[in-house]
Q: 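I'd like to ask you about the structure that follows.
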Amino acid sequence: MINIILFGPPGSGKGTQSEKLIEAYGLIHLSTGDILRREIAAGTALGLEAKTLMDKGNLVPDEVVVGMISAALDENPQAKGFLFDGFPRTEAQSIALDNLLAEKNTEIGVVLALDVSQEELEKRLLQRGLTSGRPDDINKAIISNRIVEYQTKTMVVSNYYSKFDKVVHVKGEGTVDTIFVSLRSEIDKRLSN
Ligand code: ADP
């Protein structure tokens with residue numbers, strides 16, 4: 001079993017690479033952004049609360065996302081491993097995740113951090129906004145706010161896992177396939193140990 005965090009700023013390619021990684025390693029994909037968007041589409045109370053924050057590019061409260069992840073872990077007792085995408089996004093979420101995994105006698109194997117320049121991120125998000133239909137991708141001010149949220153609250157997640165020597169940086173620019181090959185080689189190194 002291997003549990004992986006795919007880490008990086010908005011627009012770094014986490015969603016794209018996650019799809020390929022879960023397929024290659026038979027992992028369960030847990031994207032808090034996707035789960036929240038499903039809640040919004042279903043019109044639940046949680047979805048309504050989250051939508052106001054997400055549309056502005058703000059993070060939703062830790063308790064909300066931690067609750068969703070806890071439920072998803074319980075729903076998949078037979079999983080070969082989990083791929084966390086867009087979670088954890090704060091230090092409190094990281095600590096909560098480590099505790100949830102410890103209760104299940106497992107842990108994070110590796111944090112794969114995708115490095116992409118700020119300029120490239122803004123370009124990709126605006127481009128995605130043309131087709132994604134995501135309200136948080138269309139406006140430059142909202143995109144900048146998401147990047148600020150990342151810099152002020154989320155970047156610390158990588159410092160947190162660095163203390164446990166779990167972070168590996170991977171270049172997130174280039175073709176989808178070259179990035180995928182780099183991610184795979186880091187995972188394979190750890191699986192063979
Ligand atoms: P991106 O990586 O492009 O920002 P996501 O789909 O991961 O897209 O997230 C979209 C939005 O959902 C975030 O801007 C935030 O409002 C909310 N969100 C997703 N995951 C979390 C999380 N772990 N903690 C707080 N808010 C989250």
Q: Hydrophobic cluster mates of Ile142, side-chain heavy atoms under 4.5 angstrom, ILVMFWY only, any path?
A: none
Q: Identify, with sequence neighbours excluded, every residue that meets side-chain hydrogen bond (donor to acceptor under 3.5 Å, both in side chains) alongside Ser144.
A: none
Q: For Tyr161, what residues pass the ring pair (Phe, Tyr, Trp, His ring centres under 6.0 Å) criterion, not counting sequence neighbours?
A: none
Q: Ring of Tyr150, cation from Arg89 - is the NZ or CZ under 6.0 Å from the centre and inside 45° of the axis?
A: no
Q: Under the salt bridge (Lys or Arg N to Asp or Glu O under 4.0 Å) rule, collect the residues that match up with Glu120, sequence neighbours excluded.
A: Lys123, Arg124
Q: State, yes or no, whether a side-chain contact exists between Phe82 and Met1 at a heavy-atom distance under 4.5 Å.
A: yes
Q: Can you tell me which residue among Leu125, Asn145, Leu126 is in a side chain to side chain contact (heavy atoms under 4.5 Å, CB included) with Lys140?
A: Leu126
Q: Suppose we screen for side-chain contact (heavy atoms from CB on, under 4.5 Å). Which residues come up paired with Val181, at least two apart in sequence or across chains?
A: none
Q: What residues form a salt bridge (Lys or Arg N to Asp or Glu O under 4.0 Å) with Glu149, not counting sequence neighbours?
A: Lys153
Q: Could you tell me which residues satisfy side-chain hydrogen bond (donor to acceptor under 3.5 Å, both in side chains) with Arg38, sequence neighbours excluded, listed by chain and number?
A: none
Q: With a 4.5 Å cut-off on side-chain heavy atoms, are Phe180 and Leu21 touching?
A: yes
Q: Are Leu112 and Ile4 close enough that some pair of their side-chain heavy atoms sits under 4.5 Å apart?
A: yes
Q: Which of these, Lys51, Arg146, Arg37, sits in a salt bridge (charged side-chain N to carboxylate O under 4.0 Å, His left out) with Asp136?
A: Arg146
Q: Going by heavy atoms in the side chains, are Lys20 and Asp177 under 4.5 Å from each other?
A: yes
Q: Using side-chain heavy atoms (C-beta onward) and a distance below 4.5 Å, is Val110 in contact with Lys166?
A: no
Q: Just to verify, what does Gln118 make a side-chain hydrogen bond (donor to acceptor under 3.5 Å, both in side chains) with, not counting sequence neighbours?
A: Glu122, Gln151
Q: Compare every heavy atom of Ser132 with every heavy atom of Asp137, then report the nearest pair and how far apart it is.
A: OD2-OG, 3.1 Å
Q: Salt bridge (Lys or Arg N to Asp or Glu O under 4.0 Å) with Glu186: which residues, sequence neighbours excluded?
A: Lys189, Arg190
Q: Can you list everything that forms a side-chain hydrogen bond (donor to acceptor under 3.5 Å, both in side chains) with Tyr160? Sequence neighbours excluded, please.
A: Asp98
Q: Minimum heavy-atom separation for Gly47 to Ile40, with atom names?
A: O-CG1, 3.4 Å
Q: Kindly list each side-chain donor-acceptor pair under 3.5 angstrom involving residues 62-74, sequence neighbours excluded, with atom names and distances?
A:
unit_1	atom_1	unit_2	atom_2	d
Asp62	OD1	Thr90	OG1	3.0
Asp62	OD1	Gln93	NE2	2.9
Asp74	OD1	Lys104	NZ	2.7

Q: Do the non-hydrogen side-chain atoms of Ile143 and Pro10 ever get within less than 4.5 Å of each other?
A: no
Q: Taking only distance into account, with no hydrogens and no angle test, what donor-acceptor pairs under 3.5 Å do side-chain atoms of residues 167-175 form with protein atoms, sequence neighbours excluded?
A:
unit_1	atom_1	unit_2	atom_2	d
His169	ND1	Asp115	OD1	3.1
His169	ND1	Asp115	OD2	3.1
Glu173	OE2	Ser117	N	2.9
Thr175	OG1	Thr178	N	3.0
Thr175	OG1	Thr178	OG1	2.9

Q: Please give me the minimum heavy-atom distance between Pro88 and Val157, naming the atom from each residue.
A: O-CG2, 3.7 Å
Q: Kindly give the heavy-atom pair with the smallest separation between Leu114 and Leu183, and that separation in Å.
A: CD2-CD2, 4.2 Å
